[in-house]
Structures are given as structure tokens and as C-alpha cells.
Amino acid sequence: VTAGCAPSTVGSGGSTTCSASYSDSRGHGVATWSWDDGGAGGSFTPSAAVQNPTYTAPVNAGDTALVVTLTVNATCDGPSPLSDSDSTALTVQPVSHTFAVTAGCAPSTVGSGGSTTCSATYTDSRGHVVASWSWSDGGAGGSFSPSATVQDPSYTAPVNTGDTDV
């Protein structure tokens with residue numbers, strides 16, 4: 001049995017066409033085919049029990065390429081069935097890395113010296129956590145509690161002694 005896949009590199013969650021060929025010295029056919037991805041989490045269509053399935057790779061949320069070993073096992077239909085297997089490597093590229101932060105304070109308007117609660121949420125396509133937070137009021141003179149380096153601080157606005165909003 002000889003296994004292959006084309007293309008041999010796909011994007012995260014992408015598909016490839018698997019192919020298997022065989023030879024039998026006595027001219028027997030193949031009674032069963034069985035493809036396996038070693039527990040990587042992908043899927044075979046229409047099933048893993050056909051000679052040439054389409055394989056859909058798992059989502060790769062890691063930082064580096066994932067190599068999935070696709071193995072096919074074939075058993076001949078002769079009177080004394082023999083089995084053989086072969087493997088091929090599929091490289092699955094990681095998802096694009098995106099990161100977004102949404103921040104806000106409620107209430108969004110406070111009086112001179114007033115306080116508000118600020119909060120931030122984030123999404124990271126690779127499941128990373130935020131290493132550090134840093135809030136700023138752009139030099140207005142307010143303060144963050146317990147500090148400007150936590151995800152959800154309280155903010156106390158500066159005392160405004162003028163006639164304009166800060």
C-alpha cells in the first residue's frame with residue numbers, strides 16, 4: 001500500500017485529497033480500507049473506510065505548523081487476507097493571529113472628581129491570555145485603582161476647576 005495526499009500543506013481546518021494505491025502479487029482486490037489521523041481531530045469524507053477520501057484537517061490554533069500523520073491500512077480479499085499500511089505527512093498551517101481589545105467605562109460621564117468602573121474584554125484567535133494591561137487617561141490627571149495595570153480598574157476623574165469638560 002502507498003499513501004499520499006494532495007496538497008500536502010493546508011491551512012487550519014483546510015482539506016486535502018487522500019489517495020492510496022496497492023499491489024497484490026496474486027491479483028486480489030482490497031476488502032477493507034481504513035484511514036486514521038492518529039487522534040489529531042480531523043475528519044474523513046465520505047468516511048475513513050474508502051480508498052481515496054477527502055481529509056479535513058483540525059483547526060490549528062497554535063503558533064507553529066502542525067504535522068498530522070495520515071495512515072491508511074488495507075486488507076486484501078484473498079482466501080488468506082493480508083494487511084499492509086503506509087503513512088503520509090500533512091502540514092497544517094496555524095490560523096492567522098488576530099487580537100482585539102474592547103474597553104469602556106460605566107458610567108461614561110462623571111462629575112469633577114467622580115468615579116467610574118472601567119472594563120476590558122479581548123479575543124485572541126490562538127487562545128493566548130493577556131500578558132499585561134495598561135490604562136491611561138491621556139494625561140488628564142485622574143487615577144486608576146487598584147492600579148492602571150489591571151484589566152478592570154476603577155477610575156477617579158481629576159477635579160475640574162475650569163469651565164470646560166475634561
Side-chain angles (χ1 to χ4, degrees), residues 1-106 108 116-136 138 144 146-155:
V1 174
T2 302
C5 61
S8 60
T9 299
V10 297
S12 179
S15 294
T16 187
T17 301
C18 298
S19 61
S21 60
Y22 72 96
S23 64
D24 185 294
S25 63
R26 296 198 178 164
H28 299 133
V30 173
T32 61
W33 293 99
S34 178
W35 285 88
D36 185 87
D37 72 356
S43 61
F44 294 93
T45 305
S47 77
V50 299
Q51 182 176 358
N52 300 313
T54 297
Y55 177 75
T56 301
V59 172
N60 178 4
D63 292 325
T64 60
L66 170 69
V67 176
V68 176
T69 300
L70 300 173
T71 302
V72 62
N73 186 64
T75 302
C76 79
D77 63 2
S80 298
L82 298 174
S83 294
D84 189 26
S85 62
D86 190 31
S87 297
T88 186
L90 175 69
T91 301
V92 182
Q93 296 297 330
V95 295
S96 297
H97 193 192
T98 59
F99 181 77
V101 174
T102 303
C105 297
S108 60
T116 186
T117 301
C118 299
S119 63
T121 58
Y122 70 95
T123 57
D124 187 300
S125 63
R126 294 193 180 163
H128 298 145
V129 296
V130 173
S132 65
W133 293 96
S134 180
W135 288 84
S136 172
F144 293 93
S147 75
T149 59
V150 298
Q151 182 174 355
D152 300 321
S154 293
Y155 175 72

*Are side-chain heavy atoms of Leu66 and Pro58 found at a separation under 4.5 Å?*
yes

Residues passing the side-chain hydrogen bond (donor to acceptor under 3.5 Å, both in side chains) test with Ser15, sequence neighbours excluded, are Thr56

Here the pair of heavy atoms bringing Leu90 nearest to Cys5 is CD1-SG, 4.1 Å

Between Asp36 and Gly39 the two heavy atoms that sit nearest each other are OD2-N, 4.4 Å

Just by distance, do the side chain of Thr71 and the backbone of Asp86 share a donor-acceptor pair under 3.5 Å? no

Residue pairs meeting salt bridge (charged side-chain N to carboxylate O under 4.0 Å, His left out), one or both in residues 38-57, sequence neighbours left out, come to none

Residues Val92 and Gly11: closest non-hydrogen pair is CG1-O, 3.9 Å

Residue pairs passing the salt bridge (charged side-chain N to carboxylate O under 4.0 Å, His left out) test with at least one member in residues 2-22, sequence neighbours excluded, are none

May I have the list of side-chain donor-acceptor pairs in residues 17-24 shorter than 3.5 Å, sequence neighbours left out?
{"unit_1": "Asp24", "atom_1": "OD1", "unit_2": "Arg26", "atom_2": "N", "d": "2.8"}
{"unit_1": "Asp24", "atom_1": "OD1", "unit_2": "Gly27", "atom_2": "N", "d": "3.2"}
{"unit_1": "Asp24", "atom_1": "OD1", "unit_2": "His28", "atom_2": "N", "d": "3.4"}

Note to self: When you measure from the side chain of Ser125 to the backbone of Thr98, do you find a donor-acceptor pair of N or O atoms at a distance under 3.5 Å?
What the structure shows: yes

So the salt bridge (charged side-chain N to carboxylate O under 4.0 Å, His left out) pairs with at least one residue in residues 53-80 (sequence neighbours excluded) are Asp63-Arg126

Between the main-chain N or O of Asn60 and the side-chain N or O of Ser12, is there a donor-acceptor pair closer than 3.5 Å? yes

Taking every heavy atom of Ser147 against every heavy atom of Pro153, the minimum-distance pair comes out as O-CB, 3.5 Å

Requested in this report: Go through the steps for Thr9 and Gln93 under the test side-chain contact (heavy atoms from CB on, under 4.5 Å), then give the verdict.
Outcome: CA-CA 7 Å; Thr9 299; Gln93 296 297 330; 3.5 Å; yes

Is it the case that the side chain of Ser87 and the backbone of Thr69 share a donor-acceptor pair, with hydrogens and angles ignored and the cut-off at 3.5 Å? no

Closest non-hydrogen contact found for Val101 with Tyr122 is CG2-CB, 4.2 Å

- [ ] Applying side-chain contact (heavy atoms from CB on, under 4.5 Å), run through Trp35 and Val72 and close with a yes or a no.
- [x] CA-CA 4 Å; Trp35 285 88; Val72 62; 3.5 Å; yes

Check the pair Val150, Trp133 against side-chain contact (heavy atoms from CB on, under 4.5 Å), reporting the backbone distance first and the verdict last.
CA-CA 6 Å; Val150 298; Trp133 293 96; 5.9 Å; no

CZ (Phe99) and OG1 (Thr123) are apart, to the nearest 0.5 Å, by 7.5 Å

* Asked: Do Thr75 and Asn73 come close enough that some side-chain heavy atom pair is under 4.5 Å?
  -> yes

Any donor-acceptor pair under 3.5 Å from Asp152 side chain to Ala120 backbone = yes

The side-chain hydrogen bond (donor to acceptor under 3.5 Å, both in side chains) partners of Asp37 (sequence neighbours excluded) come to Tyr55

Checking side-chain contact (heavy atoms from CB on, under 4.5 Å) for the pair Phe144/Thr149: CA distance, chi angles, key distance, verdict? CA-CA 9 Å; Phe144 293 93; Thr149 59; over 6 Å; no

So CH2 of Trp135 and SG of Cys118: to nearest 0.5 Å the spacing works out to 4.5 Å

